Amino acid sequence: MNIAFDNSYARELEGFYVPWQGAPVPKPEVVRLNEPLAVELGLDPDALRTREGAAILAGSVAPAGGSPLAQAYAGHQFGGFSPQLGDGRALLVGEVIDRNGTRRDIHLKGSGRTPFSRGGDGKAVLGPVLREYLVGEAMHALGIPTTRALAAVATGERVYREGPRPGAVLARVASSHLRVGTFQFFAARGDVEKVARLADYAIERHDPDLAGRADRYLTFLQRVAERQAALVARWMHVGFVHGVMNTDNMTISGETIDYGPCAFIDAYSPAAVFSSIDHQGRYAYGNQPAIARWNIARLAETLLALIDPEDEDRAVARATDVVDAFAIHYEARWLDGMRRKIGLSTEEEGDGELVADLLGVLNTHAVDFTQGFRRLAESALGQDDAMRALFGDPAGIDAWLAAWRNRLQREPLDPAQRAEAMNRVNPIYIPRNHLVEEALTAASDGDLAPFDTLLGVLADPFRRREGLQAYETPAPPSFGRYTTFCGT
């Protein structure tokens with residue numbers, strides 16, 4: 001099988017990884033293949049579906065030209081620092097240049113033990129693999145930067161997670177798998193030379209216009225902070241809760257990575273937490289911007305010796321300015337998106353308060369976040385019944401609607417244009433938690449039809465289609481409290 005690899009990480013960063021081969025599996029089989037993504041990468045979908053292709057995607061066979069390796073990284077996990085984590089069940093197979101000229105990683109998750117496994121079996125099971133496939137593709141369709149699934153591959157073995165489960169490997173694609181934790185691994189060891197090599201590599205890969213500049217490390221930190229501010233703002237716009245925003249799960253590229261205990265909120269609540277191990281709400285929906293800033297501060301710490309090698313105090317001051325500016329970048333991105341969600345195309349000083357008031361009403365009345373914003377487009381056309389129907393007491397939204405209409409009087413768009421613009425940014429279909437669980441349960445029992453249907457719905461999230469009413473609504477009360485888990 002011919003794949004045109006160009007493996008810069010393996011070539012340029014020796015000492016930052018361990019060359020490794022995935023574990024053999026008894027019966028690799030491609031369960032689902034992302035054909036459009038394969039074509040975008042310059043890969044042959046038919047070849048990927050063969051037994052050889054399945055073995056490569058499962059990690060049990062190294063492709064010609066590949067350089068499978070386990071990357072080293074550290075990380076703060078729920079605030080506590082672990083100096084050595086690394087790819088404990090994953091491999092970077094290699095890099096390709098896609099048809100748009102962009103370098104992309106091909107990475108496997110669940111391919112077996114590595115030197116970083118820390119006692120784990122290095123495996124994954126089908127349900128969580130399909131979760132990452134489904135949610136990653138949904139995020140892509142929503143316009144949110146993300147790693148993407150190339151394939152879900154069954155291994156033909158049973159993996160034990162509170163009982164036997166069908167084993168699987170996720171083949172995913174990213175513009176890189178460089179993390180804040182990658183920098184932390186070498187900074188924690190006082191290896192400034194390797195931190196510099198890593199930073200120069202990351203700059204060349206993600207911010208090549210900075211290469212060679214005297215201020216490149218500080219400006220690189222600024223770029224990463226701005227990318228993360230934009231990313232988290234987009235999460236907040238669609239009600240996404242990552243669930244485990246450890247520094248090893250925060251990319252330098254600004255892509256969403258690792259869909260373990262993730263979920264989407266139904267009823268709006270800043271305190272929404274779904275992860276079974278997040279007992280203190282560290283990674284609650286409303287805390288995500290602050291945690292992203294905290295993570296940027298941890299990245300800044302690793303770069304201090306590069307930002308100003310002669311004066312540590314000056315380096316700290318400069319890095320602190322970048323960290324402090326994170327909130328400014330985030331608020332600007334968040335408010336810009338929220339203005340568009342409520343149909344505003346111009347800026348006024350009171351817009352932030354108007355948005356906050358709406359969120360307060362949604363919170364007080366436990367209104368579904370996605371439906372609330374989607375139905376607001378109907379109110380933009382003067383049709384309030386659908387919006388008011390979301391409230392047990394419609395008077396709860398009436399006062400806000402009056403204030404909103406007063407603001408709209410100073411907007412240039414006519415009602416039809418405004419509603420159309422709102423429907424372009426407010427999805428009608430998101431990965432509803434109960435529907436995701438139904439699809440994954442069925443898939444684990446051998447029925448992938450619900451998964452395929454849901455994947456198809458989520459591929460076009462902004463356009464209402466007939467017969468899909470069940471995909472618009474939140475979980476029924478009988479679904480109960482939703483809990484997600486990290487382990488796969």
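Keep in mind that what you see is a predicted model, and the values were worked out from it rather than measured.
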Min side-chain heavy-atom separation [X]-[Y] under 4.5 Å:
X      : Y      : answer
Phe264 : Val135 : yes
Arg293 : Tyr330 : no
Tyr259 : Arg172 : no
His434 : Tyr482 : no
Asp258 : Thr147 : no
Leu48  : Val30  : no
Leu458 : Pro431 : yes
Thr182 : His177 : no

**Prompt:** After noting the C-alpha distance and the side-chain angles of Asp6 and Arg11, does the key distance pass the side-chain contact (heavy atoms from CB on, under 4.5 Å) rule?
**Reply:** CA-CA 9 Å; Asp6 180 33; Arg11 185 171 60 243; 3.0 Å; yes
**Item:** Residue of the set Asn249, Ile291, Leu231 for which side-chain contact (heavy atoms from CB on, under 4.5 Å) holds with His242
**Value:**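 So, applying the side-chain contact (heavy atoms from CB on, under 4.5 Å) to His242 and each of Asn249, Ile291, Leu231, only Asn249 qualifies.
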**Prompt:** For Cys262 and Phe240, what are the C-alpha separation, side-chain angles and deciding distance, and is it a side-chain contact (heavy atoms from CB on, under 4.5 Å)?
**Reply:** CA-CA 8 Å; Cys262 68; Phe240 174 73; 3.7 Å; yes
Do side-chain atoms of [X] reach the backbone of [Y] as a donor and acceptor pair under 3.5 angstrom?
X      : Y      : answer
Asp105 : Leu92  : no
Tyr429 : Tyr471 : no
Asp87  : Leu91  : no
Arg234 : Leu142 : no
Gln21  : Gly59  : yes
Arg333 : Glu226 : no
Ser60  : Ala55  : yes
Tyr73  : Gly86  : yes
Thr102 : Asp98  : no

Atom [atom1] of residue position [X] - does it have more than 12 heavy atoms of other residues, nucleotides or ligands inside 6.0 Å?
X      : atom1 : result
Glu312 : CD    : no
Asp311 : CG    : yes
Phe78  : CZ    : yes
Glu193 : CD    : yes
Gln280 : CD    : no

Nearest-0.5 Å distance, [atom1] of residue [X] to [atom2] of residue [Y]:
X      : Y      : atom1 : atom2 : result
Ile257 : Met250 : CD1   : CE    : 12.0 Å
Leu218 : Leu304 : CG    : CG    : 10.0 Å
Ile277 : Gln77  : CD1   : CD    : 8.5 Å

Hydrogens and angles aside, do [X] and [Y] bring a side-chain donor and acceptor to less than 3.5 Å of each other?
X      : Y      : answer
Asn246 : Tyr283 : yes
Asn295 : Gln228 : no
Ser8   : Glu95  : yes
Tyr217 : Asp200 : yes

**Message:** Test: salt bridge (charged side-chain N to carboxylate O under 4.0 Å, His left out). Region: residues 246-256. Which pairs qualify, not counting sequence neighbours?
**Reply:**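 The answer is none; no pair qualifies.
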**Prompt:** Tell me the salt bridge (charged side-chain N to carboxylate O under 4.0 Å, His left out) pairs involving residues 424-437, sequence neighbours left out?
**Reply:**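 For residues 424-437, and leaving out neighbouring residues, the salt bridge (charged side-chain N to carboxylate O under 4.0 Å, His left out) pairs sorted by first residue read Arg131-Glu437, Asp266-Arg432, Asp368-Arg432, Glu420-Arg424.
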**Pair Val39-Arg99, side-chain contact (heavy atoms from CB on, under 4.5 Å): steps then yes or no** = CA-CA 8 Å; Val39 171; Arg99 294 193 170 186; 3.8 Å; yes
**Prompt:** Listed by chain and number, what are the side-chain contact (heavy atoms from CB on, under 4.5 Å) partners of Pro115, not counting sequence neighbours?
**Reply:**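 Pro115 satisfies side-chain contact (heavy atoms from CB on, under 4.5 Å) with Val18, Trp20 once adjacent residues are dropped.
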**Item:** His140: side-chain contact (heavy atoms from CB on, under 4.5 Å) partners, not counting sequence neighbours
**Value:**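 If we apply the side-chain contact (heavy atoms from CB on, under 4.5 Å) test to His140, skipping adjacent residues, the hits are Thr146, Arg148.
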**Item:** salt bridge (Lys or Arg N to Asp or Glu O under 4.0 Å) involving Arg49 - partner list, sequence neighbours excluded
**Value:**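 With sequence neighbours excluded, Arg49 shows a salt bridge (Lys or Arg N to Asp or Glu O under 4.0 Å) to Glu35, given in chain and number order.
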**Prompt:** Should the pair Phe186 and Phe16 be assigned to parallel (<30°), tilted (30 to 60°) or perpendicular (>60°) ring geometry?
**Reply:**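 Tilted, since the angle between the ring planes falls between 30° and 60°.
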**Prompt:** What is the ring orientation for Phe451 with Tyr133, classed by angle as parallel under 30°, tilted 30 to 60°, or perpendicular over 60°?
**Reply:**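 Correct class here is perpendicular.
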**Within 45° cone of Phe185 ring axis and under 6.0 Å: Arg189 NZ or CZ** =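 Yes - Arg189 lies over the ring of Phe185, closer than 6.0 Å to its centre and within 45° of its axis.
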**Where Lys123 and Asp121 come nearest, the two heavy atoms and their spacing** =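 For Lys123 and Asp121, the tightest heavy-atom pair comes out as N-OD1, 2.9 Å.
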**Contact summary for Pro45 and Leu33, nearest pair of heavy atoms** =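 Scanning both residues completely, I find the closest heavy atoms to be O-CD2, 3.6 Å.
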**Message:** Can you tell me which residue among Arg227, Gln222, Arg216 is in a side chain to side chain donor-acceptor pair (under 3.5 Å) with Asp207?
**Reply:**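 Among Arg227, Gln222, Arg216, the one that satisfies the side chain to side chain donor-acceptor pair (under 3.5 Å) with Asp207 is Arg227.
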**Message:** Once side-chain hydrogen bond (donor to acceptor under 3.5 Å, both in side chains) is applied, what residue pairs with a partner in residues 441-459 remain, sequence neighbours excluded?
**Reply:**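 Checked against side-chain hydrogen bond (donor to acceptor under 3.5 Å, both in side chains) - neighbours excluded - the pairs reaching residues 441-459 are Arg32-Asp452.
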**Request:** Show the numbers, then the answer: is there a side-chain contact (heavy atoms from CB on, under 4.5 Å) between Val195 and Phe183?
**Result:** CA-CA 6 Å; Val195 174; Phe183 286 82; 4.3 Å; yes
